[in-house]
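The analysis underlying the following values was restricted to heavy atoms, covering all of them including side chains, and did not include hydrogens, waters or symmetry mates. Positions are given from 1 along the sequence. Since we're looking at a predicted model, the values are computed, not measured.
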Amino acid sequence: MNILKKIINYKKKKIITDKKNNILFLNQNKKSNFKSKIINNLKNNKISIIAEIKKASPSKGILTKNFNPINIAKQYVEGGATCLSVLTEDKFFLGNKNFIKQIKTKYKIPILAKDFFIDPFQIYEAKFYGADCILILLSAVKQELAKELYDTANKCGMDTIVEVHNDREMSFALTLKKSIIGINNRNLKTFATDINNTINLYKKFNLKNRIVVSESGIASKKDILHICKKTNIRTFLIGESLIKSNNIKNKIRSFL
C-alpha cells in the first residue's frame, strides 16, 4: 500500500471519530430532563404520558392522513403530555429525524427518539437533532451492543429506555441501572397486545424500585387504572389510540 492510500485510510477512520467527538462537544452542556420529569410526577403520584408521534407502522400502514408533527406536538403539549416519543425510522414508519428538530424549536418538552438503534453513532446523531432519550430494543440487538448503546447515551447526557418483552430480556435490562425499563405489551411474533404482560413482568421481577413504562395496547383510562391498581407503574407510552383520535388534545386529557 502506498503512502497516499495509507493517509486516506487513516483519514477515513479519523473523520468517523471526529464526527462523534464534535457532535458530543456541541451538545455536552445540554443535560436531559426526560427521566427527571417522570421522577417528579412519580413523587407527586401523577400519571406521566409519553405521547407518540408516528405516521405509519408496518402492521397498520398509514395511521393518519393529515400528518403534521408540529400540530400533533402542540395538541400533546396542550393536552398535558409529560414527554414525547418521535418515530424517526424513515422506511417502515415514515419517520424523520428532522421532526425532533422542528418540534424542539417550538416546545421545550423532552423527546424520546424512537428508532432501531444498532450503532452508537446513531445516538450522537439523535443528540444533535435535539433528542433527550433513546430507545434500546433488546429484541433487536445483542447484549454487548445494548451495553455499548447505553454507555454512549450516558456519555452524551441522554436518558435511555431499555425495552423488554419477556423474562430473558428483563433479566439483562435490570443490569442497566440508570435506564428506564419499558415493558412492551405487543407480541412481536403475532403483533397482538395484552396489557397483562406489563403486570406479569412487573410482579415477577419486583420492579417497585425502578422507573417502568408500560408500552403498547393502552386504549383507554380503564387500561391505565387496571395497570395502576396492580402495580406502582404511573408512566405510559401511548401512540396509536392518540394519533387516530379525532381530537388528540381531549383524548390525552381523558387518560390523565
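A salt bridge links Asp132 with Lys104: the distance from a Lys NZ or Arg NE/NH1/NH2 to an Asp or Glu carboxylate oxygen falls below 4.0 Å. Taking a cutoff of 4.0 Å between a charged side-chain nitrogen and a carboxylate oxygen, Glu240 and Lys54 do not qualify as a salt bridge.
The main-chain N or O of Ile50 is never found under 3.5 Å from a side-chain atom of Tyr76 such that the two would form a donor-acceptor pair. The main-chain N or O of Lys208 is never found under 3.5 Å from a side-chain atom of Asn232 such that the two would form a donor-acceptor pair. Side-chain N or O atoms of Glu89 include one that pairs as donor or acceptor with a backbone N or O of Lys91 at under 3.5 Å. The closest donor-acceptor contact from the side chain of Asn200 to the backbone of Asn196 lies under 3.5 Å. A distance-only check finds a donor-acceptor pair linking the side chain of Asn247 to the backbone of Asn250 [under 3.5 Å]. Counting only distance, with no hydrogens or angles, the side chain of Gln122 and the backbone of Leu149 share no donor-acceptor pair below 3.5 Å. Although no hydrogens or angles enter the test, the distance criterion places no donor-acceptor pair under 3.5 Å between the side chain of Asp115 and the main chain of Phe117. Between the Lys74 side chain and the Pro69 main chain, no donor and acceptor come within less than 3.5 Å of each other. Between the side chain of Thr231 and the main chain of Cys228, no donor-acceptor pair closer than 3.5 Å is present. Without hydrogens or angle criteria, Asn185 side chain to Thr198 main chain gives a donor-acceptor distance under 3.5 Å.
One hydrophobic cluster, built from ILVMFWY side chains closer than 4.5 Å, holds both Leu145 and Val164. The cluster map of Ile, Leu, Val, Met, Phe, Trp and Tyr, joined by side-chain heavy atoms under 4.5 Å apart, puts Leu137 and Ile53 in different clusters. Linking Ile, Leu, Val, Met, Phe, Trp and Tyr residues whenever their side-chain heavy atoms come within less than 4.5 Å leaves Ile103 and Leu94 in two separate clusters.
In this structure, Glu163 and Leu138 have side chains that are not in contact, with every pair of non-hydrogen atoms separated by 4.5 Å or more. Residues Tyr202 and Ser214 form no side-chain contact, since every pair of their non-hydrogen atoms from C-beta on lies 4.5 Å or further apart. Two residues are said to be in side-chain contact when any heavy atoms from C-beta on lie closer than 4.5 Å; Thr193 and Asn187 fail this criterion.
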**Request:** Would you please test Asp151 and Lys155 for salt bridge (Lys or Arg N to Asp or Glu O under 4.0 Å) and show each step?
**Result:** CA-CA 6 Å; Asp151 289 338; Lys155 185 168 68 172; over 6 Å; no
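Counting only residues at least two apart or in different chains, side-chain hydrogen bond (donor to acceptor under 3.5 Å, both in side chains) contacts with residues 137-146 are absent.
Side-chain contact of Asn96 with Thr88: a donor-acceptor pair under 3.5 Å is absent, judged by distance alone.
With Val213 as the partner, the side chain to side chain contact (heavy atoms under 4.5 Å, CB included) test is satisfied by one option alone out of Asn184, Thr235, Leu112, Ile233: Thr235.
The six-membered or imidazole ring of Phe121 lies away from that of Phe128, with a centre-to-centre distance of 6.0 Å or more.
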Table please: side-chain donor-acceptor pairs of residues 169-183 below 3.5 Å, with sequence neighbours left out.
residue : atom : partner : partner atom : Å
Glu169  : OE1  : His165  : N            : 2.6
Glu169  : OE1  : His165  : ND1          : 3.3
Ser171  : OG   : Asp167  : O            : 3.1
Thr175  : OG1  : Phe172  : O            : 2.6
Ser179  : OG   : Thr160  : O            : 3.1
Ser179  : OG   : Thr160  : OG1          : 2.9
Ser179  : OG   : Val162  : N            : 3.3

